[in-house]
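A short write-up of the structure that comes next.
Side-chain atoms are counted along with the backbone in the values below, which use heavy atoms only and exclude waters and symmetry mates. Reminder, nothing fancy here: chain letters follow the sequence lines and each chain counts from 1.
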Number of protein chains: 2
Amino acid sequence: MARTKDPAVRTLLVERAAHMLRTREPITLRSLVAGTGVSTMAVYTYFGGMDGVWKALRQEGFTRLGARLATVTMSTDPVRDLTALVVAYVGNALDHTDLYRVMFDANFDLEDAQAADDTLEYLVRAAERGRRAGRFRADIDPLELAIQSWAIGHGLVSLVATGPLPRRTLGHGAPMLTALFISAGDRSDGCRTSVEQGWKQLTPPGEEPGAE
Amino acid sequence: MARTKDPAVRTLLVERAAHMLRTREPITLRSLVAGTGVSTMAVYTYFGGMDGVWKALRQEGFTRLGARLATVTMSTDPVRDLTALVVAYVGNALDHTDLYRVMFDANFDLEDAQAADDTLEYLVRAAERGRRAGRFRADIDPLELAIQSWAIGHGLVSLVATGPLPRRTLGHGAPMLTALFISAGDRSDGCRTSVEQGWKQLTPPGEEPGAE
DNA sequence: ACTATAGCACAGCAATGCTATATAATCGGG
DNA sequence: CCCGATTATATAGCATTGCTGTGCTATAGT
């Protein structure tokens, strides 16, 4: 018995906000709706306020991350695949630096808290396959190995994305993952080549992905 | 031929800002100077604006981190010491969560850019001692090992501090560092005990350090 | 002591996020 | 097919934000 929200408006605003983040325009209540035809009130009906916009933006970040992880094609080599997933994680952070920063902002609250777990799940499954394939010891917990891989990727790329480390430092990711996987039971020589196979997918420093 | 700035005012404001950060009061131009007797203009004469306050706050964060790293007593076991330094880094991040977040905020610019390098230098020196002591291979670059240790500590604690991982996840730090040090040449059994020696300094989850 | 310089206090500016109120649109029931 | 209740939307206004302009005052150097 009343008007219904138009979901197109919501996605329009989220995408515009993500775009403004990328172009480094300050995202304010008024600048966000400027030129879209919708009024400032729309922000409150769809997001409850600017906080809601940021929350939706974090969600969008995880959605894009999930989409990127989904593009990683699985091979017969689980160690390569796990590495490739970490590389995809790092690549996503580099391609959407500002959105990536927002994702882990002050208050980490998402609309769908499951989203973060879902992305981790990609890593967990690869770790599981690695254990089943005999690359990792039987007493290795796939979740723990996934978390450790995540921490390595996140630690490196966040230090690079926020400034303190130069971009070439990302190269340390391969030896670090190799060390981790070997400690999980993988054989030294095979691990190195697997990780290198997965790691070489990383976008080279000079090559920025087509801006917008 | 004119008035001079009183350095006490500057430190007063920085410490007050750090305190407000800790108590989660919003830091605004007016709230910062409220009750201090100084007027809003002081913020501009001493910091050039609120941006300058945040920059000084980042600097303060690195100063406190450096002070904490300096308290780590060096032993005859460089691997233990390197681990203890990472533990100190993690502990500092947990004790000053909000300041830690500010340190790696949007634009990573410090008043003294050297400060970040200085903290890393602690790790580098421990890695050097480890190599001289024969714990790490001769071809290991102490700087690289330090960066990798940093990335592990930072990755873990930042994922914990910003929300996605529960605090107990920090326990993964020990096996990760062990894997890293073994890959750098340390012997398996000795490494494990060294890392455990250094790691047990970490503040247990339940025990919050005396607030204020 | 005099003066030029720089710190300081106050007031006011545009811009911010948010809310109150009034208007208009639309879905459900008859 | 229309009507009314309900909800989105538009506009205006609020307190607060960071910042700047204007004098005033304190002080360091000659």
Is A/Asp95 salt-bridged to A/Arg68, going by a charged N under 4.0 Å from an acidic O?
-> yes
A/Asp6 has an atom CG; how far is it from atom C1' of D/dT7, in whole Å?
-> 14 Å
Would you classify B/Ile27 as touching base, sugar-phosphate or nothing, given that sugar-phosphate means primed atoms plus P, OP1 and OP2, and contacts are heavy atoms under 4.0 Å?
-> sugar-phosphate
Going by the side chain to side chain donor-acceptor pair (under 3.5 Å) test, which pairs reach into residues 28-47 of chain A, not counting sequence neighbours?
-> A/Thr28-A/Ser31
A/Arg16 versus A/Leu32: any side-chain heavy-atom pair under 4.5 Å?
-> yes
Could you give the CZ-to-C1' distance, from A/Arg30 to C/dG17, as a whole number of Å?
-> 7 Å
In plain terms, say whether A/Glu196 and A/Lys200 are close enough for a salt bridge, that is, a side-chain N and a carboxylate O under 4.0 Å apart.
-> no
Do A/Leu21 and A/His96 come within less than 4.5 Å of each other through their side chains, counting heavy atoms only?
-> no
Report the distance from atom CH2 of B/Trp54 to atom C1' of D/dC19, rounded to the nearest whole Å.
-> 17 Å
Are any protein N/O atoms closer than 3.5 Å to N/O atoms in nucleotides 23-29 of chain C? If there are, list each pair with its distance.
from: C/dC27; atom 1: O4'; to: A/Ala2; atom 2: O; distance (Å): 3.0

Give me the residues of residues 40-53 of chain B where at least one heavy atom lies under 4.0 Å from an atom of DNA chain D, by number, or none.
-> B/Met41, B/Tyr44, B/Gly49, B/Met50
Round to a whole Å and report the spacing from CG of B/Leu29 to C1' of C/dT16.
-> 14 Å
Relative to each other, are the rings of A/Phe136 and A/Phe181 parallel, tilted or perpendicular (30° and 60° limits)?
-> tilted
Can you check whether B/Thr28 has a side-chain N or O nearer than 4.0 Å to OP1 or OP2 of D/dT17?
-> yes
Tell me: CD of A/Glu25 to P of C/dA15, nearest whole Å?
-> 16 Å
Hey, are the side chains of A/Glu60 and A/Arg64 touching, using non-hydrogen atoms and a 4.5 Å cut-off?
-> yes
Starting at CG of B/Leu32 and ending at P of D/dC19, how long is that distance when rounded to a whole Å?
-> 12 Å
On the 0 to 90° scale, with breaks at 30° and 60°, tag the B/Phe62-B/Phe104 ring pair as parallel, tilted or perpendicular.
-> perpendicular
CD of A/Glu128 to CG of A/Leu82: how many Å apart, nearest 0.5 Å?
-> 11.5 Å
